[in-house]
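Report on the following structure.
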Amino acid sequence: MDYKTIFIVHPTKGDRIHLAKFIKHEKFTVMTFTALVDCYKRIGIINPDLIILSLRRDNSELLQLQAIKDKHKKMNYIILTTPETPEVNLVALKESGFTSIHKANSNEKVRELVIEMLAPDGLAPRTETPHPVPHGFIPTPTATN
């Protein structure tokens with residue numbers, strides 16, 4: 001598994017950071033944004049493997065999402081919904097050109113979809129690096145004269 005890049009678009013800073021910490025892994029590079037427009041400005045510099053979009057109460061993000069260029073519709077998307085957000089019609093989005101778009105209603109479901117989409121064989125185990133000072137090692141003072 002190579003390194004994967006994930007963009008998280010969420011309007012609330014605390015929730016953005018919480019979601020990033022929830023899905024973090026040493027093989028994932030996670031970048032967060034407050035608006036979808038900011039996310040698309042960075043796509044020329046860094047190409048994401050996945051974009052996670054958290055919807056607000058209004059419908060503006062869905063309208064912006066439908067208005068993006070066709071080359072961006074080929075990326076993987078996860079739409080994070082809450083009880084306050086309007087219902088998302090995935091069929092209409094797929095008909096408008098999106099090839100891989102999914103809906104999740106919790107952070108757990110987002111993590112499950114991230115692993116399913118970016119690491120279908122499962123995540124590699126985290127590598128443990130030994131501490132530079134061995135456990136139980138106490139240096140003895142040397143006498144100087």
Side-chain angles (χ1 to χ4, degrees), residues 1-140:
M1 180 177 128
D2 296 326
Y3 286 93
K4 303 293 182 175
T5 305
I6 302 170
F7 284 1
I8 298 175
V9 181
H10 200 296
T12 309
K13 182 179 180 179
D15 293 338
R16 244 187 351 254
I17 292 171
H18 179 70
L19 182 60
K21 286 181 179 180
F22 192 74
I23 63 172
K24 76 175 182 175
H25 189 270
E26 56 192 32
K27 297 287 184 175
F28 295 155
T29 301
V30 180
M31 296 180 70
T32 62
F33 302 95
T34 56
L36 195 59
V37 176
D38 298 332
C39 170
Y40 288 122
K41 288 179 185 176
R42 301 291 185 252
I43 286 182
I45 300 167
I46 298 174
N47 293 322
D49 296 295
L50 173 68
I51 296 176
I52 301 171
L53 173 64
S54 176
L55 296 181
R56 300 178 191 174
R57 290 186 183 157
D58 60 351
N59 216 7
S60 64
E61 284 92 3
L62 284 178
L63 296 175
Q64 291 175 359
L65 190 63
Q66 290 175 343
I68 64 170
K69 297 177 184 176
D70 287 338
K71 67 178 181 177
H72 298 312
K73 291 182 180 182
K74 305 290 185 234
M75 290 187 239
N76 296 316
Y77 287 89
I78 296 176
I79 297 178
L80 179 62
T81 61
T82 61
E84 297 90 28
T85 58
E87 185 60 31
V88 178
N89 186 357
L90 292 180
V91 175
L93 289 171
K94 287 182 180 181
E95 288 174 354
S96 69
F98 288 94
T99 56
S100 176
I101 191 161
H102 302 276
K103 182 170 68 169
N105 56 4
S106 68
N107 289 351
E108 291 82 14
K109 183 67 176 174
V110 169
R111 179 169 168 77
E112 179 183 315
L113 287 170
V114 166
I115 292 171
E116 178 183 314
M117 294 167 77
L118 299 182
D121 299 330
L123 292 174
R126 294 182 187 264
T127 57
E128 289 188 29
T129 56
H131 195 275
V133 178
H135 180 68
F137 176 76
I138 301 173
T140 57

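Here the structure is a predicted model, which means the values were calculated and not measured. Just so it is clear, the values below take in all heavy atoms, side chains as well, and ignore hydrogens, waters and symmetry mates.
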task = With rounding to the nearest 0.5 Å, note down the distance linking OG1 in Thr85 to CG in Leu80.
result = 8.0 Å
With sequence neighbours excluded, residues passing side chain to side chain donor-acceptor pair (under 3.5 Å) with Ser54 = His10
message = To the closest 0.5 Å, what do you measure between CD1 (Ile79) and CG (Leu65)?
response = 5.5 Å
task = Of all the heavy-atom pairs spanning Asp49 and Lys4, show the shortest one and how long it is.
result = OD2-CA, 3.1 Å
ask   = Which residue pairs satisfy the salt bridge (Lys or Arg N to Asp or Glu O under 4.0 Å) criterion with at least one member in residues 91-106, sequence neighbours excluded?
value = Glu87-Lys103
request  = Compare every heavy atom of Ser100 with every heavy atom of Met117, then report the nearest pair and how far apart it is.
outcome  = CE-OG, 3.5 Å
query = If you measure from NE2 on His25 to CG on Leu118, what distance do you get to the nearest 0.5 Å?
reply = 11.5 Å
query = Donor-acceptor pair, Asn105 side chain versus Thr81 backbone, under 3.5 Å?
reply = no
query = Would Lys73 count as a cation-pi partner of Phe98, with NZ or CZ less than 6.0 Å from the six-membered ring centre and within 45° of the ring normal?
reply = yes
inquiry  = Just to verify, what does His72 make a side chain to side chain contact (heavy atoms under 4.5 Å, CB included) with, not counting sequence neighbours?
reply    = Tyr40, Ile43, Ile68, Lys69, Met75, Tyr77
message = Using every non-hydrogen atom in the two residues, find where Val9 and Cys39 come nearest and quote the distance to one decimal.
response = CG2-CB, 3.8 Å
All side chain to side chain contact (heavy atoms under 4.5 Å, CB included) counterparts of Asn89, not counting sequence neighbours = Val91, Ala92
ask   = Ignoring hydrogens and geometry, is there a side-chain-to-backbone donor-acceptor pair from Asn107 to Leu19 under 3.5 Å?
value = no
key: Ser106: partners by side chain to side chain contact (heavy atoms under 4.5 Å, CB included), with sequence neighbours left out   = Glu108, Lys109
ask   = By side chain to side chain contact (heavy atoms under 4.5 Å, CB included), which residues pair with Lys13, not counting sequence neighbours?
value = Arg16, Ile17
remark   = CD1 of Ile78 to CD1 of Ile101, rounded to nearest 0.5 Å, is 10.0 Å
task = Check whether any side-chain heavy atom of Leu50 sits under 4.5 Å from a side-chain heavy atom of Phe28, and report yes or no.
result = no
inquiry  = Distance check, rounded to the nearest 0.5 Å: Phe33 atom CZ versus Lys41 atom NZ?
reply    = 10.5 Å
note = Rounding to 0.5 Å, atoms CG (Leu62) and CG (Leu93) come to a distance of 6.5 Å
task = List the atom of Thr32, the atom of Ala20, and the distance in Å for their closest heavy-atom pair.
result = CG2-CB, 4.2 Å
